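The model shown is predicted, which means the values in this text are computed figures rather than measured ones.
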Amino acid sequence: MTFEELRIQHPTFTYNGYTYELRNGELHIQFDFQIGEDIRFRPNMVLQAGIYANYPTDLRELDGIIFNIGMIELISYWKCACCPTIHIKPYELNYDQQLWWAKLYWKGLGEFTYKNNIHVEFQDFLEFSFEEGAPTLDTATFSRTEESGRVIVPIGGGKDSVVTLEDLRTQREVVPFIINPRGATLDCARIAGFGNPEQIIILKREIAPELLELNKQGYLNGHTPFSAMLAFYSTLLSAVTGIRDVALSNESSANEPTIPGTYINHQYSKSLEFELDFRSYVDQYMNSCNHYYSHLRKLTELQIAEKFATHPQYFKVFKSCNAGSKENKWCCNCPKCLFAYIILSPFIDDATMIDIFGEDLLNKKELQQYFDELSGLSKYKPFECVGTIREVNEALRRLCGTREDKYLIKHYINEQLSQIEDSMYDEYLNMAP
């Protein structure tokens, strides 16, 4: 089904509300979303704060935070039909808040609209409506946490969060946070000294099965701003632990658009633009209830890779591959695997790299298309969390003198020489009388 057909068929998406309660020390949350009369989604989330739990005596203090989490969770469900109106029942948003959320939905779904061939202007993408008499969000409902010596560090299982974890643990008490634990995330936490699950804040996040069924029927699907969802859950972490600081691992390369010259960026919700927008929203509308920032923002991918290479204890357990995440492995057939291999290779010897990945990716002819996309030899970058074209080229230049016998490095050298020869020929033609 097309974007236009779905919007006509489903004019309104409704955010009905949410419930939450403590059960055996765990916070259980259920959201209630609806499309029309017949389609209902009730996804469940469970927060396990472990030894860090310090829940408010009156759980109603969490109401505004959970409402805002619902505003980001609904994106996953709204996008299947892209209803032109989102009707919100629990609270009413003021004009500036509506603009803030509309911008996040627009830019956070840039890849989704691009891949689904959706052509619509920002002002026509969606509008919000509210229940008559719905309350507005009062900042007084948000408890402001105090500064402390502790800092929450989300662990994704890749090299970036390892570098943040190792950097900060020498300075402060680190509290690890994992969404839907898997092999790599738990192994990285264990190696960092957090072998007891009670030492880790865990969020078990569910996708309602009804959404997966709609996708099978031809409803729209695609990438959503996962890091924006993480940002809003971070405010809940601060509220239930008293820990104000949350240190992400988003590097400078997240600011580069995936499609040059456009706002379309696979990593939009990892960008500095979103980070500053989010902090402004928390300060204005959530009583500055936490401090969310990226510890790696000023670093390039090469600098992060160099730092990671000094922690060999993680080499056999870290994973950055989405395709292989369920099996806790590197798939060795995707752009993210190839990018990680390229960016780490200048700092880790050839034999060790092959041992980490199980294959020599620089010698894999089948990856040439992804290689060209990563290095700028193709028009567009891959829609993945990868570094800038400039960073990839810097890593490849360093490898030209040490791994020049590899298939992809040979290909790179030949392409570079060809481009130099072409530019010299063009210059000669321009000089001709």
Side-chain angles (χ1 to χ4, degrees), residues 156-163 183-185 187-188 249 251-254 256 258 266-267 296 299-378 380-416:
K159 65 180 181 1
D160 299 345
S161 57
V162 164
V163 170
T185 52
D187 286 342
C188 286
S249 304
E251 66 291 326
S252 61
S253 65
E256 181 179 79
T258 306
H266 175 81
Q267 302 191 80
L296 305 181
L299 299 182
T300 67
E301 287 280 8
L302 274 170
Q303 290 171 320
I304 295 168
E306 186 171 19
K307 280 176 170 282
F308 177 78
T310 65
H311 302 292
Q313 66 271 32
Y314 293 95
F315 285 1
K316 294 294 287 184
V317 300
F318 88 105
K319 303 286 187 303
S320 299
C321 173
N322 293 323
S325 61
K326 289 184 179 179
E327 298 176 70
N328 195 39
K329 69 177 186 179
W330 297 98
C331 79
C332 295
N333 290 302
C334 74
K336 200 161 186 183
C337 283
L338 181 58
F339 170 73
Y341 201 101
I342 290 170
I343 211 72
L344 288 168
S345 288
F347 311 106
I348 301 175
D349 67 84
D350 193 38
T352 303
M353 287 299 300
I354 295 171
D355 185 50
I356 290 171
F357 284 80
E359 292 186 47
D360 185 350
L361 300 197
L362 293 178
N363 234 358
K364 196 164 182 176
K365 185 176 181 179
E366 296 86 345
L367 297 178
Q368 184 174 311
Q369 178 185 338
Y370 296 144
F371 181 88
D372 290 349
E373 292 171 351
L374 290 168
S375 62
L377 296 173
S378 292
Y380 299 131
K381 286 173 58 177
F383 279 106
E384 278 283 7
C385 293
V386 295
T388 67
I389 290 170
R390 186 173 183 175
E391 290 167 336
V392 171
N393 276 273
E394 177 56 31
L396 292 172
R397 279 192 285 270
R398 297 187 187 195
L399 296 176
C400 285
T402 58
R403 317 272 172 94
E404 66 273 14
D405 59 324
K406 308 289 186 180
Y407 173 83
L408 291 176
I409 301 300
K410 287 180 184 177
H411 164 70
Y412 179 73
I413 293 170
N414 290 336
E415 287 295 324
Q416 292 298 313

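- Looking only at side-chain heavy atoms (C-beta outward), L302 and F347 come within less than 4.5 Å of each other.
- Contact record, T388 with K381: CA-NZ, 4.2 Å, taken as the closest heavy-atom pair.
- Without hydrogens or angle criteria, T185 side chain to G156 main chain gives no donor-acceptor distance under 3.5 Å.
- Remark: Y370 pairs with no residue by the ring-ring contact (aromatic ring centres under 6.0 Å, His included) rule, at least two apart or across chains.
- Considering only heavy atoms from C-beta on, N322 stays 4.5 Å or farther from C334 through its side chain.
- Side-chain atoms of S320 do not come within 3.5 Å of backbone N or O of G158 as any donor-acceptor pair.
- With a 4.5 Å cut-off on side-chain heavy atoms, N363 and I409 do not count as touching.
- Atom CD1 of I348 and atom OG1 of T352 lie 7.5 Å apart (nearest 0.5 Å).
- A salt bridge does not link E256 to R390: none of the charged nitrogens lies less than 4.0 Å from a carboxylate oxygen.
- With hydrogens and angles ignored, the 3.5 Å screen pairs a side-chain donor or acceptor of E391 with a backbone N or O of E301.
- In this structure, the side chain to side chain contact (heavy atoms under 4.5 Å, CB included) partners of R397, at least two apart in sequence or on a different chain, are N393, E394, Y412.
- To the nearest 0.5 Å, atom CD of residue E251 and atom CG of residue L299 are 9.0 Å apart.
- Of all non-hydrogen atoms in I413 and C400, the two that sit nearest each other are CG1-SG, 3.7 Å.
- Atom CG of D160 is separated from atom SG of C385 by 9.0 Å, given to the nearest 0.5 angstrom.
- Taking the six-membered ring where the residue is Trp, F318 and F357 present perpendicular rings, their angle passing 60° and hence far from 30°.
- In this structure, a donor-acceptor pair under 3.5 Å is present between the side chains of Q368 and Y407.
- Of the inter-residue distances, the one linking L396 atom CG with K406 atom NZ reads 13.5 Å to the nearest 0.5 angstrom.
- Side-chain atoms of M353 and L362, non-hydrogen and from C-beta on, never get closer than 4.5 Å to each other.
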Please walk me through it: do V386 and E373 pass side chain to side chain contact (heavy atoms under 4.5 Å, CB included)? CA-CA 11 Å; V386 295; E373 292 171 351; over 6 Å; no

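- Contact check for P346 versus L399: side-chain heavy atoms found under the 4.5 Å cut-off.
- Counting heavy atoms from C-beta on, the side chains of E384 and F339 never come closer than 4.5 Å.
- One distance of note links NZ of K319 with SG of C337; it measures 10.0 Å at 0.5 Å rounding.
- Y341 pairs in a side-chain contact (heavy atoms from CB on, under 4.5 Å) with only one of the listed residues (L367, L408, D360), which is D360.
- Residue S378 comes nearest to Q369 through the heavy atom pair OG-O, 4.4 Å, listed as atom of the first residue, atom of the second, then distance.
- Here the OG-CD1 distance, from S249 to I304, works out to 8.0 Å after rounding to the nearest 0.5 Å.
- Nearest approach of E306 to T310, heavy atoms of both residues: O-CG2, 3.6 Å.
- A donor-acceptor pair under 3.5 Å links the side-chain atoms of K316 to the main chain of D355, judged by distance alone.
- Side-chain atoms of T258 come within 3.5 Å of backbone N or O of H266 as a donor-acceptor pair.
- Annotation: side chain to side chain donor-acceptor pair (under 3.5 Å) contacts involving residues 323-338, sequence neighbours excluded, comprise N333-K364.
- At distances below 3.5 Å, not a single donor-acceptor pair connects side-chain atoms of E359 with backbone N or O atoms of C331.
- Between C188 and V317, the closest heavy-atom pair is SG-CG2, 4.2 Å.
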